[in-house]
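For reference, the structure discussed in these notes is given below.
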Amino acid sequence: MLVADIMSTRVVTVNVSDSLCHALATLQKERIRHLPVLDGDRLAGILTDRDLRDMSPAVLREENIERLSKLRVGEVMKSPPITAHPLDPVEDAARLMYVHRIGCLPVVKEGALVGILTETDILRCLVELMGVSRPSSRLEVVVPDTPGHLASVASVIRDFGVNIISVITPASKKEGFRSLVFRIATIDPRQIKQAVTALGYEVIWPPDKR
Amino acid sequence: MKAAYIHSERFLSYRFGKEHPFNPLRLELARSLMTDMGLLFPQEIILPRPASERLLRTVHSPQYVNIVKRLGQGEKMDASLFGLGTEDNPVFPDMHRAGSLVVGATIRACAAVARGLVLHAVNLAGGLHHAHRACASGFCIYNDISVGIRLLRRHYRMRVAYVDLDAHHGDGVQWEFYDDPDVLTLSIHENGRYLFPGSGGIHELGEGPGLGFSVNVPVEPFTDDESWIWCFDSVVPRVLSSFRPDIIVLQFGCDAHYLDPLSHLSLTSTAFIHAARSIHQLSHRLCAGRLVVLGGGGYDVFSVVPRIWTLLWAELSDRIPTPDTPPDWRARWRGISPLPLPVRLRDENTPKCQVPVFEVNRLTVARLLDSLHWL
Ligand SMILES: [Zn+2]
């Protein structure tokens with residue numbers, strides 16, 4: 001999955017010469033937390049609600065109100081911003097956000113701002129990957145972490161004519177093993193479990209009935 | 001007459017095959033047990049008619065109905081996109097007719113209650129809650145529940161509370177009425193992370209005007225009577241009372257029983273009796289007794305289904321069953337049951353849950369109630 005697949009293409013921006021008050025109002029009106037800042041049509045920086053909050057106690061005292069209204073976005077924004085490319089893999093973009101502890105990445109292509117990727121987009125992506133998109137049952141098998149085992153379990157499922165909706169393969173708690181967690185499009189995975197067990201694999205789910 | 005029982009021997013035609021887990025013989029086992037125990041009388045039985053195509057199309061797409069008909073008449077085609085001809089829902093002769101009869105029976109039950117002919121009506125062949133608009137799923141071809149609720153809405157203008165106690169999430173009904181504030185769907189089921197179909201999380205609350213009118217209580221695998229009853233009592237009376245329905249439709253699948261081969265819940269007759277009594281009483285308190293009860297899952301057709309559904313009927317007909325099943329009944333079915341038929345009507349073993357699920361279920365219910373703003 002690429003950044004282009006999950007980013008938002010409707011981006012609310014401000015300009016370097018806009019007042020900070022205007023930026024604050026925009027964040028509140030649009031109910032967003034990140035504002036890419038443009039200088040002409042070039043991306044110059046990023047302004048977040050956190051930048052505004054962090055400066056508040058110092059700046060927002062009464063004698064400073066006047067100064068605040070004169071302050072420009074370009075004086076407060078983070079620059080240069082950390083950006084992503086639409087063809088970056090989602091996992092790389094997520095790593096950037098995690099490592100730099102930031103909540104969003106403006107997406108830039110050939111110098112132009114084409115979208116924005118926020119932590120909400122990443123979480124939605126995770127929910128969809130881990131979640132269940134179509135009626136299906138869970139089948140969890142532990143296999144040795146060597147070539148061929150995913151294929152042999154998958155071919156059992158194929159032989160039953162059952163569709164695989166998703167599969168994730170996290171490392172197992174057991175050293176040298178891997179978990180295969182399938183969602184398979186059947187209400188009754190008992191026979192598939194039996195056939196997989198017959199191949200010598202340990203089926204963790206569904207459990208045996210007493 | 002207080003309660004009616006919809007029944008036909010032709011329900012046996014809804015059959016996917018010899019080895020298939022959905023076995024309609026359970027309906028005969030249940031009905032004969034009720035009769036032999038002196039709990040069900042001929043004058044209480046109503047014969048169903050197949051539902052018309054016009055009624056089916058209030059829920060299902062014309063194209064889907066057409067495909068079900070053609071497959072049932074022997075036409076060969078790949079209908080897996082419609083969920084048919086699959087491992088779960090194989091094609092069988094005259095499947096359109098068999099499916100329509102189940103829907104017709106639910107329509108009969110809904111109409112009899114809505115028109116005040118009886119207070120309660122039961123169709124244990126119904127409860128096929130997984131069928132979608134244009135897709136068969138989980139042994140369900142036509143969704144008799146959705147068609148019945150559609151009729152109650154359009155023709156009788158009733159606000160409908162649908163309660164689904166099957167071990168599996170009542171997905172087909174939920175999605176059909178997801179944006180409708182006049183149909184409340186409430187499903188208690190094994191958490192979809194572990195059991196088919198996977199949906200039914202507490203965050204599925206409805207959409208648009210229907211937001212808040214889909215309610216889901218996903219319970220942990222191995223949940224036992226004590227914890228399940230606690231969840232039921234914490235959610236069902238409260239949600240139904242504040243919804244103030246004109247009629248209650250109850251799906252009483254019994255596959256959450258500890259002996260059922262398809263789920264991983266650990267209920268006994270105690271939980272099912274409790275739920276039947278509670279909803280029965282709620283129907284009298286909230287909507288003048290108007291209650292339609294449908295079947296659903298239940299895959300231990302000899303040891304579990306006849307007992308649980310007999311206890312259900314006894315509750316609705318205000319009759320008190322004897323503790324034991326009659327010897328005549330056991331003798332009648334001895335030849336085909338792989339195990340000896342049960343002697344006691346109620347479960348005597350009560351499996352205690354070995355895993356600490358009560359705490360997780362409590363948290364689930366607390367989070368759910370937090371998000372139900374209209375209560
Ligand atoms: Zn079920």
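Quick note on labels: first sequence line is chain A, next is B, and so on, each numbered from 1.
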State, yes or no, whether a side-chain contact exists between [X] and [Y] at a heavy-atom distance under 4.5 Å.
| X | Y | value |
| --- | --- | --- |
| B:F222 | A:P207 | yes |
| B:L195 | A:S137 | no |
| B:L262 | A:R190 | yes |
| B:F196 | A:T186 | no |

Are more than 12 heavy atoms from other residues, nucleotides or ligands located less than 6.0 Å from atom [atom1] of [X]?
| X | atom1 | answer |
| --- | --- | --- |
| B:E75 | CD | yes |
| A:D41 | CG | no |
| A:E30 | CD | yes |
| A:F160 | CZ | yes |

Quick one: what part of A:E140 sits under 4.5 Å from any heavy atom of chain B, side chain, backbone, both or neither?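 Neither the backbone nor the side chain of A:E140 comes within 4.5 Å of chain B.
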
Is A:R134 in contact with chain B via its backbone, its side chain, both, or neither, using a 4.5 Å heavy-atom distance?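 For A:R134, the backbone is the part near chain B, not the side chain.
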
Heavy-atom pair with the smallest gap, counting every atom of A:R138 and B:R193: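 Looking at all heavy atoms of both residues, the closest pair is CD-O, 3.2 Å.
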
At their closest point, which heavy atom of A:P135 faces which heavy atom of B:H132, and how far apart are they?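 Here A:P135 and B:H132 meet closest at CG-CE1, 4.4 Å.
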
Separation of B:Y299 OH from A:D188 CG (nearest 0.5 Å):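 So the CG of A:D188 and the OH of B:Y299 are separated by 9.0 Å.
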
Between atom CD1 of A:I187 and atom OG1 of B:T86, what is the distance when rounded to the nearest 0.5 Å?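 The distance works out to 11.0 Å.
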
For each of B:S137, B:P21, B:S199, tally heavy-atom pairs with chain A at distances under 4.5 Å, and name the one with the top tally.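 Top option by heavy-atom pairs under 4.5 Å: B:P21.
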
Of the backbone (N, CA, C, O) and the side chain (C-beta and beyond), which part of [X] lies under 4.5 Å from a heavy atom of chain A, both, or neither?
| X | answer |
| --- | --- |
| B:P261 | both |
| B:H168 | side chain |
| B:E19 | neither |

Would you please classify the geometry between the A:W205 ring and the B:H264 ring as parallel, tilted or perpendicular, with 30° and 60° separating the classes?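 Perpendicular.
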
